[in-house]
Novice: 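One structure coming up, written as structure tokens, with questions to follow.
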Amino acid sequence: MPLQTSNNQAVSYPHEYWSSRLGFVLAATGSAVGLGNIWKFPYIAGENGGGAFVLLYLLCVAVIGIPVMMAETLIGRRGGQSPIHSYALLARQEGRSRGWQAAGWSAVVASLLILSFYSVIGGWAIAYVLYAARGIFDGVQADGVGKLFTDLLARPGELLTWHTVFMLLTILVVARGVRGGLERAVTLLMPLLFVLLLLLVAYAALSTEQFLPAAAFLFQPDVSKLSAAAVLAAMGQAFFSLSLGAGIIIAYGSYLPKDVSIARTATAICIADTAVALLAGLAIFPEVFASGLEASAGPGLIFQTLPIAFGRMPGGTLFGTLFFVLLVVAAWTSSISLLEPAVEWMLEHRGIGRQTSAWMVGALVWAVGIVSVLSFNLWSDVLLFGRSVFESLDYLASNIMLPLNGLLSAIFAGWIMAKVATEEELAMGTGIGYSQWRLAVRYIAPAGVATVLLSSSGAIALLFR
Ligand code: PHE
């Protein structure tokens, strides 16, 4: 039966809506808040020298992240379909080339690449739920947790098992559809994670006496640490953490009711996401310093520090188990969002049912994920430009593809879509700051992204030689 999309086009596939503004906010926040905040932000900040990186990160969120999130939400709501079809439809409406759908394709490819390694890390988190529950962290010291982590990575079979479990969890929810699966999971669990992080920050502060050094590390910018690579890392991390440039916000926006203010929701989501990342940093760095671990220790950072805290605290087994369960849930609400754009496209394009689409795309991503599993052990000495296979995938998807796709969505909303259209979308609900937004998506965000990408690729240095 034909249904109406948010844009009043008749479409021939079933298209659900979020039940409310809150539904969208929760789902988009569930997508944004994930391993990116708790696992990735601290270790990338640590690798890039702390304060200067954090400052750049905040700048990227405010100046590029918020306007681009608004742009993607409105492209989705206006287009009413998957990223690929939304771009195609809106471009056609403006008499522009259908070639714009390539921007949607690029977003979908990025989302699937990210999911392939995201699921492997989600698998680590599942393994840690069991470690915590079995009381393995009890009284453990830094070298003990270090070994636990490196031993886990050395076992491809175990990593593959947890990667498979995580992918299954993801597929199962996506197969059930937008409301049944996605919305419900987030409502209770995200606030709980937030509270638990707050408790962890307090505990780390009280039990290590390293809170001030940690805060100084995160918030005192040391300009000597600024490099083109750090700027690129900060921008890539902002896109990754906010789920931008991967078609997710467009796909979720396509389920967004008309009476919701895009400016207010996008801002709220960006603030919540950033708060969680900063809290994670404040929970982890006191432990990093207290245990003598290097801030630049890399992807294992949280897995090599938090267990020490859990092992020391009263009730640590329970607390640690709860924490890793919530980490898995946070990762899960992000991974379902990573699968959704491709599945939505299959539904529209081929009329393949949601169940079948979810299983097909999920199987493909699972297979690609095996590459990341192996890059931590059997293939650990395979390096591409000095990076492991996992690091290369992450670098390509997060630092290059996401910003490029975000740039395209800003240009699309700022230059391709008619002003009346974007104005109308942003005026719904409480429309605030239209002219600032337009300035941001037409000039500031594209110039910012282009400068960072060009300078880190060395192109600008070449020009001025
Ligand atoms: N934002 C998610 C996180 O921080 C990851 C993600 C990236 C989700 C890109 C969707 C798109 O964990």
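Counting convention: from 1, in listed order, for ligands and their atoms alike. Note that the coordinates shown come from a computational prediction; the quantities given were computed from them, not determined experimentally.
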Novice: Evaluate the side chain to side chain donor-acceptor pair (under 3.5 Å) criterion for residues Tyr203 and Glu287: first the C-alpha distance (whole Å), next the side-chain angles of each, then the deciding distance (0.1 Å), finally the verdict.
Specialist: CA-CA 10 Å; Tyr203 183 77; Glu287 301 291 346; over 6 Å; no
Novice: Decide yes or no for Phe137 and Ile308: does some side-chain heavy atom of the first lie under 4.5 Å from some side-chain heavy atom of the second?
Specialist: no
Novice: Looking at Glu340 and Arg354, is any side-chain nitrogen of the basic one under 4.0 Å from a carboxylate oxygen of the acidic one?
Specialist: yes
Novice: What's the shortest distance from atom 2 (C) of ligand 1 to any protein heavy atom, and which residue and atom give it?
Specialist: Ser31 O, 3.1 Å
Novice: Which atoms of ligand 1 have any heavy atom of Ala246 under 4.0 Å away?
Specialist: 11 (C)
Novice: As an exercise, identify every atom of ligand 1 less than 4.0 angstrom from a heavy atom of Gly36.
Specialist: 3 (C), 4 (O), 12 (O)
Novice: Which ligand 1 atoms, with their elements, are less than 4.0 angstrom from a heavy-atom of Gly34?
Specialist: 3 (C), 4 (O), 12 (O)
Novice: Cationic tip of Lys40 within the cone over Phe240's six-membered ring, i.e. under 6.0 Å and within 45° of the normal?
Specialist: yes
Novice: Do any N/O atoms on Ile114 end up under 3.5 angstrom from N/O atoms on ligand 1?
Specialist: no
Novice: Please report which non-hydrogen protein atom sits nearest to atom 7 (C) of ligand 1, along with the residue it belongs to and the distance in Å to one decimal place.
Specialist: Phe240 O, 3.1 Å
Novice: Of all the heavy atoms in Tyr118, does at least one lie under 4.0 Å from an atom in ligand 1?
Specialist: yes
Novice: Which of the numbered atoms in ligand 1 are under 4.0 angstrom from any heavy atom belonging to Leu35?
Specialist: 12 (O)
Novice: In this structure, which one of Val120, Thr161, Val389 forms a side-chain contact (heavy atoms from CB on, under 4.5 Å) with Val373?
Specialist: Val120
Novice: So if I count the atoms of ligand 1 from 1 in the order they appear, which ones are less than 4.0 Å from some heavy atom of Ile248?
Specialist: 10 (C), 11 (C)
Novice: Give the atom numbers and elements of ligand 1 that come within less than 4.0 Å of a heavy atom of Ser241.
Specialist: 1 (N), 4 (O)
Novice: Regarding ligand 1, does Val33 bring an N or O atom to under 3.5 Å of one of the ligand's N or O atoms?
Specialist: no
Novice: Regarding Ser398 and Gln237, do their side chains bring together a donor and an acceptor under 3.5 Å, going by distance alone?
Specialist: no
Novice: Answer yes if the ring centres of Trp39 and Tyr43 are under 6.0 angstrom apart, and no otherwise.
Specialist: yes
Novice: Quick one: does Ser111 get a heavy atom under 4.0 Å from ligand 1?
Specialist: no
Novice: Among all protein non-hydrogen atoms, which one is nearest to atom 4 (O) of ligand 1, and what is the separation to 0.1 Å?
Specialist: Ala32 O, 2.8 Å
Novice: Among all protein heavy atoms in this structure, tell me which lies nearest to atom 8 (C) of ligand 1, with the distance rounded to 0.1 Å.
Specialist: Ser243 OG, 3.2 Å
Novice: Given side chains that start at C-beta, do those of Leu393 and Ser116 come closer than 4.5 Å, heavy atoms only?
Specialist: yes
Novice: So how far is it from Gln304 CD to Leu301 CG, rounded to the nearest 0.5 Å?
Specialist: 7.5 Å
